[in-house]
Amino acid sequence: MNGSYATSEYLIAVCVLLVTVTATVAALTPEPVRQALVLAMLGTALTLLFTVLQAPDVALSQLGVGAAVTPLLIMLTVRRVRRSSTQQRDRERQR
Amino acid sequence: MNAWLVASAVLLTLGLPPCLWQVYRRTPQERLAGLNLAATMCSAILLLFTEGFNRSSYVDLPLVLAVLAPAGTLVFARFLGGQAAQGEPD
Amino acid sequence: MTLLFFLAAGWIFLAGVYGMVTSRNIIRTVGCLAVAQSSTYVLLLAVGFRRGGTSPYFTDTSTRTPVVDPVVQALALTDVVVGATVTALLLALALQLRKRHGTVDPDALTGLRG
Amino acid sequence: MSRRLRLALFWAAAVVFAVAFTAACTGLPDFGTLSHPYGSRAIAAAFHQRTANTISSVNFDQRAFDTLGEESILFAAVLGGLVLLRRARDERLAGVRRGRVLPSTRMFGSLLLPITLVTGVYIVAHGQLSPGGGFQGGVILATGLHLAYIAADYGVLKAIRPLAVLDAADAVGAGAFAVLGLVGLAVGAAYLQNVLPLGTFGQLSSGGLVPVINAAVGVEVGSGVVVLLAGFLDQAVEIVSPTGKDNGAGR
Amino acid sequence: MSTADLLPLAIAIPLIGAAFSALVGSRLPRVATDLLVTVWAAAGVADLVVLWLRTGDGRAVSWLGGWRLRHGESVGIVLVNDRIGIGLALLTAVLVLAVIAYSWRYFDEPPAEHAGTFPALILLFDAGMCGFALTGDLFNAFVFFELMGAVAYALTGFRIEDPRPLQGALTFGVINSLAAYGSLLGIGLLYARTGELGFAQISQKLTGHRADALLLTAFVLVLTGPLVKGAVAPFHFWLPDAHAVAPTPVCMLLSGVMVELGVYGAARIYWIVFSGPHGIPQHVFHDTFVAAGVLTALVGAVMCWKQRNLKRMLAFSTVSHVGMFLVGLALLTPEATAGTALYVAGHAGAKAALFGVTGALLDRFGSVDEHSLYGRGRELPVGGVLFVLGGLALAGLPPFGTALGKAVAEHAAQSHSPWLLAVFVLASAATGAAVLRAALRVFAGAGRRPLDRHEVPETTGGGEEPEIRGPSRRVPLPMLAVPALLLAGSLAVGLLPAVSTQLAQAARLFTDRVGYVAAVYGHSHAAGMPPAADWTAEGIALGLTSVALAVAFACAALWAAPRGGGAHRVVAPLRRLHSGHMGDYVGWLIVGVAVLLVAVRAQL
Amino acid sequence: MTVRHVCALVLLVLGVAVLLLSAAALIALPRPYGRLHALTPATSLGLPLVALALAVETGPGRSAVKLLVIAALTAVGGAVTTMAIGRATAQNARLLRKDSPP
């Protein structure tokens, strides 16, 4: 029984480490597209952590929100921003 | 202590860090590749948890991941490709 | 040793705040806010963990099984939803701001001061 | 404030915060403690309500009021998204070029779309039994719909995405939750009280009001996320700003 | 229907109304939607009025979902309040009704295919604020805090054609959300220690523990959210940026009641959760937050005086008044609490009226810049009268509610430390003077024509887009009638003795932790005697003094020779701190948390 | 230790080994395209093997069907996503070359 506790806590420790490192990298990534990808990774890592903490409900939400919707929204925002700066550059070239 | 949890621990410890490394380090396209492998790895780990924690309903998690991960990757790939097509060197 | 699980929450929060303080891109600021928020999930769920417990629903296990705290999970669930929606709203604002202001750099946003 | 000063202030404050938080954590009960008074009560209450998934019971019955607030936030975000991502007076719609899609992607997308929708419905329906519920399933449904964009192009997505209906469905879902609470008042019980017959433990229809609210949340989240994503997609793909305006208003 | 059931209805009514408005808004003509929403808001007001009357000098308690206490424990959420919280909810509902009436002809409804979205958001805002005011559960408070936040961000950024509202809304959203997550960390810590979420339940469980580092950290973190919403220095930076740019009806709600709710939340949480034995000692809260309140009041007053953008000026005056409210609540006496409650009610009417008139100006002239509007307001004499009256009310002219509340609070403050009196008088005089100066310049063309000097960065307020398309020749009737009614309301708060005696009794309950806990646990508990809250000769004299000071300041600004010098050297760096930079503001937020941690620790 | 259990363990070890190899290849291979090749074995072999191991362990039933669905989805999805990422990389590389100064 103790062995099972130890395995479970080892899993939790590894997942916490994964989440912490990924979160730190996500906070330090300066460029939004790359950050969106790291945030997707953070969502996946959080999913693992929640599962080993025996919270599959939260893990499922995190999977939907953190790994899919939030990064997608950031990508869409960046794309819109890119599009307007492309237009802008085209205009400047025409002048 | 059972084989399934040990296997998941092995994958967590040895399998995921290379994917993370890839996600942290390189260009968006390569990060995407790393993310893709990380999702596969997580699917495997979550599958192993099902048996490891002896809860058959945990299998919904890898199912959802298997459904969402390719979809997400395809969207990202499309945007990363489209971004390049509009002449936005990165 | 297990104290570190709680401390991780504090670290993640500070990392997110650091990212926001140093950000040169408002979209990144919003992303860092999401990072800072994930600290709350970690803290809540770590607080609710019970050694040897499994998840609190009883379709595939006996009703006598020791389980972890369901309340924090419900709180974390609410928190996830709140975080996602707020992030969406802020991103919508950032998007329009970029369109109207022509910049995503907070240093260049000088419309409001004094 | 200069960048350096800002950072110095941050580091000073961060050290204080870190010390205080560390000190606070030493006062917490040990990780994995066996004593969870509220949790134990919640489990007993969930048994009493014959809801197998205690988290659903907490979310949709015991602390349903929190969830009501949470769904209102989502509703507010959807309305806010509609407002903020509307087409401004000086913007117009551009024609969208047909995207070229790899044949394999097209096939896979069309294969995955029905599977995703079935999964989403399954996750919503089993909310009070196993992990999942209205929110999680709703997000999967909404994401699944966007496979149409991957598999084909934006036009197809627009064709299978009845925004007006989804808009209304979102409002109906959000309103239904608040109205369902009135059922309790109508029969002389408290607001949001679970007054429906409770059914058998472990069955799909067990839990009284829980599956009903769960379904309302599923409808709201599913349609709300689609509407929200539609706002962003329109901005990202379709809406163009007039020349000179992109940079012009900032002065 | 029992009294208890009215509590959740106060939140459910606007929620259902919001869904309904969003649903039918695009299918009905504009007038029908407006009418419907007005009726709905009126229903919310009616519910709260009945609740106010039925609650009497006691507390209303409602266990949601019927999860009553069993063996002294419950798994549900409790809504519990006395007339202070109910009064705030009522104030919210009344202001929402006023705002809806004000914007009858106001918005052009920009998302054409989604008419009804704006009123739906206002109703959601209403629900969020009522929920926050009425709840007795910490996590539930967080949820409603976020609800009012999310709606407020969206409403602040409503005018997407102009970059400034978007920037203000984004800053608002980022800072407030971050603070809310800090609060949630604190809630997590408290839950770990006590295993409870209700205010009263946590308070009961905390009595068994020492006041250690965990309690201290949880205390500061939990209060971060309300303090940021309450714009207490140094958490106040987001407020002027957001309030200066939000659409006028939204400003009325933000300044009139949302900011005050933040201070209310901080005081409520301290009183019930932390003030018990083994909690945070009263002298610690008192000293820390009187200091914070004084700082806020002075910063707000100085910055208010220096503004030329009318909306930003009003926003800073809100900061200043919030500082005074915080001082009043931090005195921790029933008398000061009663005074503050009266002050908040009077202030809400006056401030909302001032914003309303400013909205009329913006609509008519497309500007809210004091300098460029010089003399142009002569066409709008009614607006001028209302603006001057509003300024006098802010300065504390008897018999406005502001004067009564300020007098009662001042009396309580004076018996504690006399110098606080000077802060109250100076801050209210300065904010009133700024408004009077602007009123005289804009509506009467008094003084010299102001020169444009650009020594310090500032937000002028010129070049705003009018909020109504194609400014009409005549200002719509509701845009002046509503401010007039709001001022009348502010006057009524001061004139009706029933209001002040009832609020005094409520303040007695507000400061009675034991009674609150007993009410939640279903025990009876005898309340003490209510404090006196009525006009005194001293109060009237103080009110007249600050009005006289305000008039003197305003006249000096208009006609005296301009002087540079010492004051400028203090004020310019302060103005530079308000840089509009998001990173700065986040930095200030974490610095504020650190300062509070250190300050509270040092006094324990 | 029944035969079925042994079979499951063997499949599990094989699956985990393939996944680890893929991960190692991801960082060891030198060029971006090479690294893309590392994805294929993991999705088309590694994860299906693991799922199969679990299916063998649990025996026939509804959960076994779910496991096989997951395996099939990942295998097909993996191939498709690899192609899509490859295309994105290619587009990026080509256009970068075109945009770069002569």
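Naming: A, B, ... by sequence-line order, numbering from 1 per chain. Just so it is clear, the values below take in all heavy atoms, side chains as well, and ignore hydrogens, waters and symmetry mates.
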Quiz item: Does some side-chain heavy atom of C/Ser38 sit less than 4.5 Å from a side-chain heavy atom of A/Leu42?
Solution: yes
Quiz prompt | Verdict with reasoning, C/Val42 to A/Leu46, per side-chain contact (heavy atoms from CB on, under 4.5 Å) | solution = CA-CA 8 Å; C/Val42 174; A/Leu46 279 170; 4.1 Å; yes
Quiz item: What part of A/Thr29 lies closer than 4.5 angstrom to a heavy atom of chain C: side chain, backbone, both or neither?
Solution: backbone
Exercise. Answer whether the closest heavy-atom distance between the side chains of C/Tyr18 and A/Thr24 falls below 4.5 Å.
Key: no
Quiz item: Are the side chains of C/Asn25 and A/Pro32 in touch, meaning some heavy atoms are under 4.5 Å apart?
Solution: yes
Quiz item: If you tally heavy-atom pairs under 4.5 Å against chain A, which of C/Leu4, C/Asp79, C/Thr54 wins?
Solution: C/Thr54
Exercise. Could you tell me the separation between the CG atom of C/Leu90 and the OG1 atom of A/Thr77, rounded to the nearest 0.5 Å?
Key: 10.5 Å
Quiz prompt | Region of A/Leu39 that comes under 4.5 Å of a non-hydrogen atom in chain C | solution = side chain
Quiz item: With a 4.5 Å limit on heavy-atom distance, are the side chains of A/Gln35 and C/Cys32 in contact?
Solution: yes
Quiz item: Quick one: CG on C/Leu45 to CG on A/Leu49, what's the gap to the nearest 0.5 Å?
Solution: 7.0 Å
Quiz prompt | Ion pair A/Glu31/C/Arg28, N-O distance below 4.0 Å | solution = no
Quiz prompt | side-chain contact (heavy atoms from CB on, under 4.5 Å) between A/Ile12 and C/Phe5, worked out | solution = CA-CA 9 Å; A/Ile12 296 174; C/Phe5 297 154; 3.9 Å; yes
Self-check item: Test item: C/Arg50 and A/Gln54 side chains (from C-beta on) under 4.5 Å apart, heavy atoms
Solution: no
Quiz item: At what distance, to the nearest 0.5 angstrom, does CG of C/Leu77 lie from CD of A/Gln62?
Solution: 10.5 Å
Quiz prompt | Among A/Thr51, A/Thr70, A/Ile74, residue most engaged with chain C (heavy-atom pairs, under 4.5 Å) | solution = A/Ile74
Self-check item: Top contributor to chain A contacts, counting heavy-atom pairs under 4.5 Å, from C/Gly16, C/Ser55, C/Ser23, C/Ala15
Solution: C/Ser55
Quiz item: So what's closer than 4.5 Å to chain A heavy atoms on C/Thr87: side chain, backbone, both or neither?
Solution: side chain
Exercise. Kindly write out the residues that satisfy side chain to side chain contact (heavy atoms under 4.5 Å, CB included) with C/Ala46, not counting sequence neighbours, or none if the list is empty.
Key: C/Phe6, D/Phe31
Quiz prompt | Options C/Val17, C/Thr2, C/Thr22, C/Ile12, ranked by heavy-atom pairs under 4.5 Å with chain A, top entry | solution = C/Ile12
Practice problem: Select one option (side chain, backbone, both, neither) describing which atoms of A/Val52 are under 4.5 Å from chain C's heavy atoms. | Solution: backbone
Exercise. Heavy-atom distances under 4.5 Å only: say whether A/Leu53 touches chain C with side chain, backbone, both or neither.
Key: both
Quiz prompt | Minimum side-chain heavy-atom gap C/Phe49-A/Ser8 below 4.5 Å | solution = yes
Quiz item: For chain C, which residues from residues 13-20 of chain A have at least one heavy atom closer than 4.5 Å to it?
Solution: A/Ala13, A/Val16, A/Val19, A/Thr20
